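Report on the structure given below.
Keep in mind that what you see is a predicted model, and the values were worked out from it rather than measured. For the numbers below, each heavy atom of this structure counts, side chains included, while hydrogens, waters and symmetry mates do not. Each chain gets a letter, A, B and so on, in the order the sequences are listed, and its residues count up from 1.
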Amino acid sequence: MKIQIEYFAIYRDLLGISSEELEVSDGLSIKELFLQKTDALMDRDELLESTVFAVNSDYEDCDYILKEGDEIVFIPPVSGG
Amino acid sequence: MKIQIEYFAIYRDLLGISSEELEVSDGLSIKELFLQKTDALMDRDELLESTVFAVNSDYEDCDYILKEGDEIVFIPPVSGG
Amino acid sequence: MFEITTNVLKIEDYLSHVQDDSHGAIVSFLGVVRNIHEGKSVHKIFYECYEKMALKQMKKIQDLTLEKFPMIKMVLVHRVGMVELQEASIVVLTSSKHRKHSFEANMYIMDEVKKLLPIWKKEHHPDGETSWVGIGS
Amino acid sequence: MFEITTNVLKIEDYLSHVQDDSHGAIVSFLGVVRNIHEGKSVHKIFYECYEKMALKQMKKIQDLTLEKFPMIKMVLVHRVGMVELQEASIVVLTSSKHRKHSFEANMYIMDEVKKLLPIWKKEHHPDGETSWVGIGS
């Protein structure tokens with residue numbers, strides 16, 4: 001099934017892309033997706049610890065199971081205001 | 001000795017004057033002065049209860065003893081802001 | 001800074017007094033004339049002030065506030081005279097590094113204003129009647 | 001009302017949205033860029049935003065706030081893009097009958113903004129370096 005990832009802030013800088021459409025296997029959790037996409041990054045564990053996840057513009061737990069058409073964003077610590 | 005009374009807000013309306021210079025006897029308290037000046041007013045007790053006193057632009061207790069040259073103001077409930 | 005004025009109050013006229021390159025949070029309070037008080041309609045309010053004492057008390061409020069919140073900047077301005085519906089009678093500005101102190105200092109200043117400033121409201125009602133707020137009502 | 005904009009923020013542009021003849025207290029918060037953060041000099045900040053989600057979260061903050069403080073009016077505006085020293089990145093306005101709710105609602109909104117809005121700061125330092133706030137620093 002297909003999902004969409006949008007990259008913002010430090011993730012766009014680290015991965016060098018701003019979005020991608022992706023084919024993923026059924027039953028994949030958002031945390032597993034994150035680990036796949038950040039596999040090559042230094043400090044991956046530290047990043048995971050400070051990152052939360054958004055699915056279709058709402059916050060979701062890291063064990064959320066991806067669904068067809070989801071728009072996924074890895075949310076580093078927010079600093080609005 | 002001489003003192004000065006300035007009247008504001010409801011006291012100026014009730015007494016019909018905005019200030020006066022006054023000769024008072026030694027040892028007079030500000031509460032006694034208030035009772036003299038408001039002797040003729042209806043609801044004098046109620047007024048006394050809700051009024052505080054200022055001497056030379058500072059708040060003072062009702063048992064303050066007047067001194068030569070004091071500027072006295074009867075302060076009804078303030079409602080600034 | 002603090003002052004008493006008969007001018008219309010606008011926040012933007014006072015912002016520069018609290019700006020500081022190291023401050024990130026500016027809180028402002030505007031007290032405006034509203035159309036009802038204790039169930040009675042109000043269409044404007046006359047603010048009367050014992051100015052000499054009010055300025056002395058404003059100075060005291062400023063001293064107390066800067067003692068409690070040493071790192072802030074503040075503005076306290078009260079308008080006197082006739083103030084129309086939805087015009088401001090008071091503006092209080094506070095700034096500091098972070099928002100917590102800006103909010104707390106602003107609330108503190110307003111609490112002290114309500115206690116200390118010798119300023120009185122005469123409400124003007126739509127029927128032409130007037131009444132002093134806080135006494136004999 | 002709430003919005004995300006690239007325009008310079010001014011309180012007076014938003015005052016009319018919280019004015020109400022029955023409201024006597026308007027509190028505004030301005031978050032402005034300051035010259036230091038965690039010991040490092042800052043001379044401007046780039047605000048990046050996941051706009052679709054930020055607007056959804058702003059709507060949620062507005063709903064939560066009006067549920068907690070039913071009688072208030074509010075404005076929440078966040079600026080994005082490059083914001084210079086002492087320019088505002090956020091303005092929050094709240095109004096109500098009395099000042100207590102205006103202050104409390106304003107602080108509540110700011111707390112939720114800091115938790116929920118997917119907006120990130122990239123600080124620009126005087127030496128030309130940049131850093132994302134809150135990660136890897």
Handout entry: Nearest-0.5 Å distance, OG of residue A:S79 to NZ of residue D:K122
Key = 12.5 Å
Fill in the blank from the handout: When every non-hydrogen atom of D:K115 is compared with those of A:Y59, the smallest separation belongs to O-OH, 4.1 Å
Handout entry: Salt bridge flag under 4.0 Å for residues A:E6 and D:K52
Key = no
Practice task
Flag yes if more than 12 heavy atoms outside D:K56 fall under 6.0 Å of its NZ atom; otherwise flag no.
Solution key: yes
Practice task
Report yes if the side chains of A:P76 and D:W132 come closer than 4.5 Å at any heavy-atom pair, otherwise no.
Solution key: no
Exercise for the section: Would you sort out whether D:Q57 and A:D58 count as a side-chain contact (heavy atoms from CB on, under 4.5 Å), showing the intermediate values? Expected result: CA-CA 8 Å; D:Q57 299 300 319; A:D58 279 315; 3.7 Å; yes
Handout entry: A:K31, NZ: over 12 other non-hydrogen atoms inside 6.0 angstrom
Key = no
Exercise for the section: Flag yes if more than 12 heavy atoms outside A:E23 fall under 6.0 Å of its CD atom; otherwise flag no. Expected result: yes
Exercise for the section: Under 4.5 Å heavy-atom distance to chain A, tell me which part of D:Y50 shows up: side chain, backbone, both or neither. Expected result: both
Practice task
Give, as side chain, backbone, both or neither, the part of A:N56 having an atom under 4.5 angstrom from any heavy atom of chain D.
Solution key: backbone
Practice task
Please determine, among A:D13, A:I75, A:V78, the option with the most heavy-atom pairs under 4.5 Å with chain D.
Solution key: A:V78
Fill in the blank from the handout: If you tally heavy-atom pairs under 4.5 Å between each of A:A9, A:G80, A:S50, A:A54 and chain D, the highest tally belongs to A:A9
Handout entry: D:G134 to A:P77 - nearest heavy-atom pair and separation
Key = O-CG, 3.1 Å
Completion exercise
Between A:G81 and D:S89 the two heavy atoms that sit nearest each other are O-OG, 2.9 Å
Practice task
With the side chain counted from C-beta on, respond yes when A:I10 and D:W120 share a heavy-atom pair under 4.5 Å apart, and no when they do not.
Solution key: no
Handout entry: D:E12 atom CD: more than 12 heavy-atom contacts under 6.0 Å
Key = yes
Exercise for the section: Check each atom of D:L116 against the heavy atoms of chain A and say whether the ones under 4.5 Å are side chain, backbone, both or neither. Expected result: both
Problem - Spacing of CZ belonging to A:F8 relative to CD belonging to D:E51, to within rounding of 0.5 Å - result: 9.5 Å
Practice task
Would you indicate whether D:M71, at its atom CE, is surrounded by more than 12 heavy atoms from other residues, nucleotides or ligands within a distance under 6.0 Å?
Solution key: no
